[in-house]
Amino acid sequence: MAAALLANVLYSTGFVLEKRALASLPEVDIRRPARLLRLVLGSPLWIGGSLSLAAGFGAQLAVYRTLPIAAAQGIFVSGLVLLVLLSARLLGEETTGRERYALGAILAALLMVVLSLREGSDRVSRSAPVPLILLVCVPSLAMGVWLYGSAERRARHRHRMPTTGVEYGVAVGLLYGVSSLAIKGVSSYLTPADGLGGAVVGLLRSPYPYLLLFTGVFGLVMSQAALQRCRASLIVPVCTTVTCLFTAVLGTLAFGEALPHEPLRLALRLAGTALAVSVLLAMPKHDTAPQPSSAPKELTPP
């Protein structure tokens, strides 16, 4: 749990630093990825945010070695509260009453999941069938890229209300959900029985490093363009919620981790997941919160 909370702090800090760096950069476009990378790599603040995210990745590896997937996702969701607080303090982003109620629901969902945990009684799986992982991940990656492209085309229409970024968040969340499953898979190779060399060979023969490479490249480009256009306090919670639900549901099935057998613990974990789903569905589709004056405005076609 300590590693999960540390990962939350690192991820929230990283997203806020990247958002702040993007606010001072020219408009980025996913159709020009080389230019996007050149711009962000020239920003020390953005590099600091990316290093914080990388450290969060390391903490996440430790979490998946000690906690079941579903339980870990419930704790990761708690990072949304810190993210919103940092966004208000450092980015000047204001949240609506509806969004604050959503944060309260997220905290309640976190409490339910934490109460459903019992040390030593939950099985932590180390592997999953490769065909099943590919069956889950490949269509999800295709869906995420397609959904993001559709959101991009709709956002360029004239007279469209400012988007909250829900569509962008869902699309990037699908990619990061696949990445989360890949991280879980990589964690199984950290304590090899046949030495470091055997672990490296086994890892390279698995689909996990290649899934991480794809989601890393596409997730970076897609998330930076979305972060620049939309409020971090909305797009990141949507992305995180989708990632956590994707990983908790499909990851639990793929890695064969059973849910709690006790009725009370099972009810708490299922209720926490259901509450997180309802928060995502209740998110507004159009932005009504005041934007900070320094935030870049969405471009419209000439």
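Each residue takes its place number in the sequence, starting with 1. Treat the numbers as computed from the prediction; the structure is a model and nothing was measured. All values below were derived from every heavy atom in this structure, side-chain atoms included, with hydrogens, water molecules and symmetry-related copies excluded.
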Compare every heavy atom of [Y] with every heavy atom of [X], then report the nearest pair and how far apart it is.
| X | Y | value |
| --- | --- | --- |
| Leu181 | Cys137 | CD1-SG, 4.1 Å |
| Pro129 | Ala254 | CD-O, 3.6 Å |
| Ala3 | Ala62 | CB-CB, 4.3 Å |
| Ile133 | Pro207 | CG2-CG, 4.5 Å |
| Met222 | Gly144 | CE-O, 4.0 Å |
| Gly14 | Ser52 | N-OG, 3.5 Å |

So, Phe218 versus Phe214, ring centres under 6.0 angstrom or not?
->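 Yes.
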
Report yes or no: do Thr247 and Tyr176 form a side-chain donor-acceptor pair below 3.5 Å?
->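 Result is no, nothing qualifies.
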
Answer with yes or no whether the side chains of Tyr168 and Glu152 bring together a donor and an acceptor at under 3.5 Å.
->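 Looking only at side-chain atoms, Tyr168 and Glu152 do form a donor-acceptor pair, the distance falling under 3.5 Å.
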
ILVMFWY cluster, [X] and [Y] together (side-chain gap under 4.5 Å):
| X | Y | result |
| --- | --- | --- |
| Leu17 | Leu227 | no |
| Leu83 | Leu10 | no |
| Val130 | Val186 | no |
| Phe57 | Tyr64 | yes |
| Phe255 | Leu134 | no |

Check whether [X] reaches the backbone of [Y] with its side chain - one donor and one acceptor, N or O, closer than 3.5 Å.
| X | Y | answer |
| --- | --- | --- |
| Glu18 | Val40 | no |
| Thr215 | Leu212 | yes |
| Gln228 | Val28 | yes |
| Thr243 | Gly173 | yes |
| Ser50 | Ile47 | yes |

Quick one: pull up [atom1] in [X] and [atom2] in [Y] and give me the separation to the nearest 0.5 Å.
| X | Y | atom1 | atom2 | result |
| --- | --- | --- | --- | --- |
| Leu41 | Ser43 | CG | OG | 9.5 Å |
| Leu175 | Leu220 | CG | CG | 11.5 Å |
| Ser140 | Leu147 | OG | CG | 12.0 Å |
| Ser223 | Leu53 | OG | CG | 8.5 Å |
| Leu37 | Gln224 | CG | CD | 9.0 Å |

Begin from the C-alpha positions of Leu39 and Trp46 and carry the test side-chain contact (heavy atoms from CB on, under 4.5 Å) through to its verdict.
-> CA-CA 10 Å; Leu39 287 172; Trp46 186 91; over 6 Å; no

Within 6.0 angstrom of Arg32 CZ, more than 12 heavy atoms from elsewhere |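 Not buried by this count: 12 neighbours or fewer within 6.0 Å.
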
side-chain hydrogen bond (donor to acceptor under 3.5 Å, both in side chains) assessment of Tyr11 paired with Gln60 = CA-CA 10 Å; Tyr11 280 136; Gln60 193 174 2; 2.7 Å; yes

Could you give me the CA-CA distance, side-chain angles and deciding distance for Tyr208 and Lys184, then say whether side-chain contact (heavy atoms from CB on, under 4.5 Å) is met?
-> CA-CA 9 Å; Tyr208 303 123; Lys184 169 68 175 177; over 6 Å; no

side-chain contact (heavy atoms from CB on, under 4.5 Å) assessment of Tyr148 paired with Val170 | CA-CA 8 Å; Tyr148 192 97; Val170 172; over 6 Å; no

So do the side chains of [X] and [Y] get within less than 4.5 Å of each other, counting heavy atoms only?
| X | Y | result |
| --- | --- | --- |
| Phe246 | Val178 | yes |
| Leu141 | Leu211 | yes |
| Ser87 | Phe15 | no |

